[in-house]
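For reference, the structure is listed below as C-alpha cells.
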Amino acid sequence: MPELADLRFCSGCAACFNACPVGSIEMRENSEGFLYPIVNKDSCTECKLCENVCPVLNPFQRKEPLETFAAKNRNSSIRLESSSGGIFSLIAERIIHEGGVVFGACYNDSMQVEHNFTESLAELNRFMGSKYIQGNIDHCYRQAAHFLDSGRKVLFSGTPCQIAGLNHYLHRDYADLLTIEVVCHGVPSPKVWRHYLDTLNINLNHASVNFRDKQNGWQHYNFTISDSISGSVLFTEPASQNLFMKGFLRNLYLRPSCHHCVSKAFTSGADIVLGDFWGIRNYYPEFDDDKGVSLVIALSQKGVDLFNCLSPDCIEIDYKQALAGNPSIEYSSTCHPNRARFFALLNKNKIKADCLINDCLKPAALDKLKSIILKIIRK
Ligand SMILES: Cc1cc2nc3c(=O)[nH]c(=O)nc-3n(C[C@H](O)[C@H](O)[C@H](O)COP(=O)(O)OP(=O)(O)OC[C@H]3O[C@@H](n4cnc5c(N)ncnc54)[C@H](O)[C@@H]3O)c2cc1C
C-alpha cells in the first residue's frame, strides 16, 4: 500500500488523487471538514505515482524573488471588485486575450469554494476576490494538463499548496503555463463555513459573498453578502467584527497543515506571488489611495517577462519591505490554543457556530488575570 503524507502535513492538494491512473484514490471529508486522500486497497496497483507527486514527500527547493513590486490595476472599478490591487485580473485578461485558459477559485451553487476554469472575459469576475475557505481542486490538474498538451496557454492560480500540487502532478515545465500563488495565511474549514452560514438565516439562493468588500476602504474592509440579481445587501459588517473572519484570522479553524506549511516561502514552484502590500503606508504613502495595493513577487523569468508586458501603476520595491508587513509570505500561522476544543464542540452540534467561535476566542481566565496584573504594574 502507498504511504502518503502524514495527516498533520497533508494539505489536501489532491495531486495524488489527480495522478492515480486507476481511480483508487478518493478525497473524503474528515470530521473537521477538510478533504484527505483515502486509498482503496482493493483496486490500488501499487504503482506509487501518488507518492511520487506528493509535495510533502518530495519538497521543491526554495526560489529567490527576482523582482518585487507594489502595483495597482489602472481600472479602479476592477480594483474595487478585487481583494488587493486587482493584479490577478490584469494577468488573467491577458491570458484570455491570447487564447488561453484561466484556472482559479470560485463559489459553487451551495456557496462552497471549488477550483474551475474559464476561457471567457465575461466569466472572470467569478474568479476574482479572495474566498477565505479551502476550495476543492477536484480534477483541475488533469484538465490543465489536457489544455497544455493541446497547445493552449494556461494560467493557474491558487494557494501555494495547490500550485505545488499542480507542479508535482505535471512533473515538467511547460512554456505555456504560468502559475500564480496567493500569499496564504491558511485555509479555514469548509464545514465551519457551512455551519457559520446557517447561523445567518439568510436565503442564499443567488447570494454572493464578498470577504473583502471595500465600501469602507481596503484597510477597513467589510464582510458582505448581497443578492447577486438585485444587488441588494443582505448582510454586511466590518470584517474586524465578523465572527467568521475573526476565527479565521486568529487561526481557530485552519487546516492542520497550514500550521507547518511545506509549500510557502517560494517552494511551490510558482512564477508569481500575489498578496496585499500591507506596509505601503509606511514606505510609499503617496501610492496608497485605500482602494487596494497588490504585492507582486516574480519568482521566475517567465513571471518577470509576463509582468513587464502589463501596464499597471507600479513601483519596484525591496522584498524586505514587503515581508515586514506580511509574515504569511514566509511563515506559517500558529494554531489557536482552543482549536481542538472548538472542533470537539462543533461536532457535538449543541452550540451554534457563531456562539462557539465567540466563546473559543475569549481569552482564558488565566490570560485575563495576566493582562489585569500587567495593567496594574504598568500604572
Ligand atoms: C485563503 C487565503 C489566504 C490569504 N492570505 C493572505 C495573507 O495572509 N496576506 C496577503 O497579503 N494575502 C493573502 N491572500 C491573498 C489576497 O487576499 C489576494 O487574493 C491576492 O492579493 C490577490 O489579489 P488581487 O487583487 O490581485 O486579485 P483577486 O481578484 O482578489 O484574487 C483572486 C485570486 O485569488 C484566488 N483565490 C481566491 N480564493 C481562493 C481560495 N479559497 N483558494 C485558492 N485560491 C483562491 C483566485 O483563484 C484568484 O487567483 C490570501 C488569499 C486566500 C485565498
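Keep in mind that this is a model prediction, so the values were computed, not measured. Computed over heavy atoms, backbone and side chain alike; hydrogens, waters and symmetry mates excluded. Starting from 1, each residue takes its place in the sequence as its number. Counting convention: from 1, in listed order, for ligands and their atoms alike.
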Quiz prompt | Cationic N near anionic O, under 4.0 Å, Lys352 to Asp198 | solution = no
Quiz item: Should Gly275 be counted as touching ligand 1, given the test is an N or O pair under 3.5 Å?
Solution: yes
Quiz item: Which pair of non-hydrogen atoms, one from Phe307 and one from Ala71, has the smallest distance, and what is that distance?
Solution: CZ-CB, 3.9 Å
Quiz prompt | Met128-ligand 1 polar pair, N/O distance under 3.5 Å | solution = no
Quiz prompt | Atom indices of ligand 1 within 4.0 angstrom of Ile87 heavy atoms, with elements | solution = 26 (O)
Self-check item: SG on Cys360 to CG on Leu243, rounded to 0.5 Å
Solution: 11.5 Å
Quiz item: Relative to the heavy atoms of Ile133, which atoms of ligand 1 are at a distance of less than 4.0 Å?
Solution: 41 (N)
Quiz prompt | Residue Ser294 vicinity, atoms of ligand 1 by number, heavy atom under 4.0 Å | solution = 26 (O)
Quiz prompt | Donor-acceptor side-chain pairing of Thr236 and Asn222 below 3.5 angstrom | solution = yes
Quiz prompt | Proximity to ligand 1 by part of Asn326, non-hydrogen separation under 4.0 Å | solution = side chain
Quiz item: Which atoms of ligand 1 sit under 4.0 Å from any heavy atom of Ser328?
Solution: 8 (O)
Quiz prompt | Distance from atom 45 (C) of ligand 1 to nearest protein heavy atom, with residue and atom | solution = Ala105 CB, 3.4 Å
Quiz item: In the protein, what heavy atom is nearest to atom 4 (C) of ligand 1, and what distance, to one decimal place, separates them?
Solution: Val183 O, 3.1 Å
Quiz item: Should the proximity of Glu81 to ligand 1, defined as any heavy atom under 4.0 Å, be assigned to the side chain, the backbone, both, or neither?
Solution: neither
Quiz item: Is it the case that Arg255 places NZ or CZ above or below the six-membered ring of Tyr36, under 6.0 angstrom from the centre and within 45 degrees of the axis?
Solution: yes
Quiz item: Is the NZ or CZ atom of Lys264 both under 6.0 Å from the centre of the six-membered ring of Tyr331 and within 45° of that ring's axis?
Solution: no
Quiz prompt | Side-chain donor-acceptor contact under 3.5 Å, Asp149 with Tyr174 | solution = yes
Practice problem: Using a strict 4.0 Å cut-off to heavy atoms of Ser157, name the atoms of ligand 1 that fall inside it. | Solution: 46 (C), 47 (O), 48 (C), 49 (O)
Quiz item: With atoms numbered from 1 as shown, which atoms in ligand 1 lie under 4.0 angstrom from a non-hydrogen atom of Arg212?
Solution: 17 (O)
Practice problem: Using a strict cut-off of 4.0 Å, indicate which atoms of ligand 1 neighbour a heavy atom of Leu274. | Solution: 20 (C), 21 (O), 26 (O)
Quiz item: What do you reckon, is CD of Gln61 surrounded by more than 12 foreign heavy atoms closer than 6.0 Å?
Solution: no
Quiz item: Do any nitrogen or oxygen atoms of Gly129 lie less than 3.5 angstrom from nitrogen or oxygen atoms of ligand 1?
Solution: yes
Self-check item: Gly86 N/O to ligand 1 N/O under 3.5 Å
Solution: yes
Exercise. State whether Asp313 and Arg79 are salt-bridged, where the test is any N-O pair (Lys NZ or Arg NE/NH1/NH2 against Asp/Glu carboxylate O) under 4.0 Å.
Key: no
Quiz item: Do you know which of Asp288, Asp276, Asp289 makes salt bridge (charged side-chain N to carboxylate O under 4.0 Å, His left out) with Arg281?
Solution: Asp288
Practice problem: List the closest protein heavy-atom neighbour of atom 21 (O) of ligand 1: residue, atom name, distance to the nearest 0.1 Å. | Solution: Ser84 OG, 2.6 Å
Quiz item: When you check the gap from the basic side-chain N to the acidic O, do Glu181 and Lys63 get nearer than 4.0 Å?
Solution: no
Quiz item: Given the side-chain rings of Tyr319 and Phe266, with only the six-membered ring counted for Trp, is the space between their centroids under 6.0 Å?
Solution: yes
Quiz item: In the protein, what heavy atom is nearest to atom 16 (C) of ligand 1, and what distance, to one decimal place, separates them?
Solution: Ser130 OG, 3.4 Å
Practice problem: Working to the nearest 0.5 Å, report the span between CZ of Arg94 and NZ of Lys153. | Solution: 7.5 Å
Quiz item: Considering only the protein, which heavy-atom contact is closest to atom 1 (C) of ligand 1, and what is its distance?
Solution: Gly186 O, 3.6 Å
Quiz item: How far is atom 30 (O) of ligand 1 from its nearest protein heavy atom, and which residue and atom name does that atom have?
Solution: Ser83 N, 2.7 Å
Quiz prompt | Where ligand 1 meets Phe127 - atom numbers and elements under 4.0 angstrom, heavy-atom basis | solution = 32 (C), 46 (C), 48 (C)
Quiz item: When you measure from atom 38 (N) of ligand 1 to every protein heavy atom, which one gives the shortest distance, and what is it?
Solution: Lys131 N, 3.0 Å
Self-check item: Taking atom 43 (C) of ligand 1 as the reference point, the nearest protein heavy atom with its distance
Solution: Gln162 OE1, 3.3 Å
Self-check item: Donor-acceptor side-chain pairing of His195 and Asp354 below 3.5 angstrom
Solution: no
Quiz item: Using heavy atoms and a threshold below 4.0 Å, how should the contact between Ile329 and ligand 1 be classified: side chain, backbone, both, or neither?
Solution: neither
